[in-house]
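I have placed the structure first, in the form of structure tokens, so that the comments after it can refer back to it.
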Amino acid sequence: MSRLHPVQVIAVTGGKGGVGKSNVSINLAMALSEMGRRVVVLDADLGLANIDVLLGITASRNIGDVLSGECSLREVMVDGPGSIKIVPASSGTQHLTHLSPLEHAGLINAFSEISDDLDVLIIDTAAGISEQVLSFARAAQEILMVVCDEPTSITDCYAVIKLLNKNHDLFRFRVLANMVRSNDEGRNLFNKLSKVTERFLEVALQYEGSIPFDETVRKAVQRQRPVYEAYPRSKASLAFRQLAQRVDNWPLPTGPRGNLEFFVERLVQH
């Protein structure tokens with residue numbers, strides 16, 4: 001048997017911009033890190049970097065330098081808040097928004113060099129339903145759909161699920177309701193999405209709870225700090241802590257699914 005530990009890979013997506021994917025990615029990473037997990041966040045909005053801006057980090061190199069062969073992935077990683085590591089994207093680089101399948105495969109394979117140094121990889125995808133977003137979602141073992149209480153958010157979330165299900169045979173999706181006024185609102189939001197998917201698709205949606213609307217999140221963004229660090233006792237931080245505990249109990253992958261995946265060599269049992 002292989003003694004290599006599998007790495008948990010989570011794609012945070014949702015279709016619509018403005019639903020708080022990056023905030024979810026960073027604060028979930030912080031909460032998991034506090035639990036002792038070694039976490040890396042990949043800013044997968046390759047042409048419009050925003051994780052480094054959210055965190056006030058200045059990165060001298062980015063993912064574009066890895067793709068061009070100028071440096072290794074390890075050289076690109078920067079220290080984030082807490083103990084998390086960030087793989088920064090590039091800003092205003094058109095080419096990176098249209099990676100060829102070969103380049104995309106090269107990027108995913110590049111992560112194998114750091115597989116001994118992490119337990120969880122969180123992929124903060126770009127907004128929309130581009131091929132790049134879908135490719136990153138397919139390469140993860142878990143897909144966390146972030147949805148908020150707006151008709152366009154529900155529609156876009158459904159569109160991503162439909163594409164991944166119909167075109168790529170993915171059927172399990174986890175759903176997080178973000179910026180909700182109450183637990184009931186979060187549950188109702190999930191039920192709305194669930195009703196549509198049950199009618200038209202053969203997928204399994206799993207509700208992972210909600211993050212409340214919290215003014216401290218906006219304040220933390222203005223300070224370029226994660227709410228989990230800036231306001232650890234806030235309602236949002238408490239919800240992220242609960243989310244991290246659930247995430248930590250998700251089953252780890254036991255074998256490859258047959259498409260291009262992160263750390264696939266760790267999924268092949270010897």
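Side chains included, hydrogens not; waters and symmetry mates left out as well; all remaining heavy atoms used.
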Using only atom types and a distance under 3.5 Å, with no angle test, would you say the side chain of [X] pairs donor to acceptor with the backbone of [Y]?
{"X": "Asp65", "Y": "Arg61", "result": "no"}
{"X": "Asn165", "Y": "Ile161", "result": "no"}
{"X": "Glu103", "Y": "Ser100", "result": "yes"}
{"X": "Asp248", "Y": "Ala244", "result": "no"}
{"X": "Asp43", "Y": "Ile51", "result": "yes"}
{"X": "Ser33", "Y": "Ala29", "result": "no"}

Can you list the residues that meet the side-chain hydrogen bond (donor to acceptor under 3.5 Å, both in side chains) rule with Lys219, with sequence neighbours excluded?
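side-chain hydrogen bond (donor to acceptor under 3.5 Å, both in side chains) list for Lys219, sorted by chain: empty.
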Is the terminal nitrogen or CZ of Arg225 (NZ for Lys, CZ for Arg) located under 6.0 angstrom from the six-membered ring centre of Tyr231 and within 45° of that ring's axis?
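Because its charged atom misses either the 6.0 Å distance or the 45° angle limit, Arg225 does not stack over Tyr231.
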Pair listing, ring-ring contact (aromatic ring centres under 6.0 Å, His included) test, anchored in residues 173-203, at least two apart
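Listed by first then second residue: Phe190-Tyr207.
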Sequence neighbours left out, what pairs pass ring-ring contact (aromatic ring centres under 6.0 Å, His included) with at least one residue falling in residues 131-159?
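Matches after skipping sequence neighbours: His104-Phe136.
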Can I get a per-line list of side-chain donor-acceptor pairs under 3.5 Å for residues 76-87, giving both atom names and the distance, sequence neighbours left out?
unit_1	atom_1	unit_2	atom_2	d
Asp79	OD1	Lys85	NZ	2.6

Can you tell whether the side chains of Glu261 and Arg138 come within less than 4.0 Å, N to carboxylate O?
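Salt bridge between Glu261 and Arg138, a charged N being under 4.0 Å from a carboxylate O: no.
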In plain terms, say whether Arg174 and Glu142 are close enough for a salt bridge, that is, a side-chain N and a carboxylate O under 4.0 Å apart.
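Salt bridge between Arg174 and Glu142, a charged N being under 4.0 Å from a carboxylate O: yes.
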Name each donor-acceptor pair under 3.5 Å that joins a side chain in residues 14-22 to protein atoms two or more places apart or in another chain, with its distance.
unit_1	atom_1	unit_2	atom_2	d
Lys16	NZ	Glu150	OE1	3.3
Lys21	NZ	Lys16	O	3.1
Ser22	OG	Asn50	ND2	3.0
Ser22	OG	Asp124	OD2	2.6

Answer yes if the side chains of [X] and [Y] hold a donor-acceptor pair under 3.5 Å, and no otherwise.
{"X": "Ser130", "Y": "Gln132", "value": "no"}
{"X": "Tyr228", "Y": "Arg241", "value": "yes"}
{"X": "Thr216", "Y": "Asp214", "value": "yes"}

When rounded to the nearest 0.5 angstrom, what distance separates CD in Gln206 from CG in Leu176?
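So the CD of Gln206 and the CG of Leu176 are separated by 12.5 Å.
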By ring pair (Phe, Tyr, Trp, His ring centres under 6.0 Å) - contacts of Phe213 (at least two apart)
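If we apply the ring pair (Phe, Tyr, Trp, His ring centres under 6.0 Å) test to Phe213, skipping adjacent residues, there are no hits.
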Assess the pair Phe111 and Phe262: is the distance between their ring centroids shorter than 6.0 Å?
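Yes - the distance between ring centres of Phe111 and Phe262 falls below the 6.0 Å cut-off.
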Test Glu185 against Ser182 for side chain to side chain donor-acceptor pair (under 3.5 Å), laying out the working first.
CA-CA 5 Å; Glu185 187 182 288; Ser182 66; 5.2 Å; no
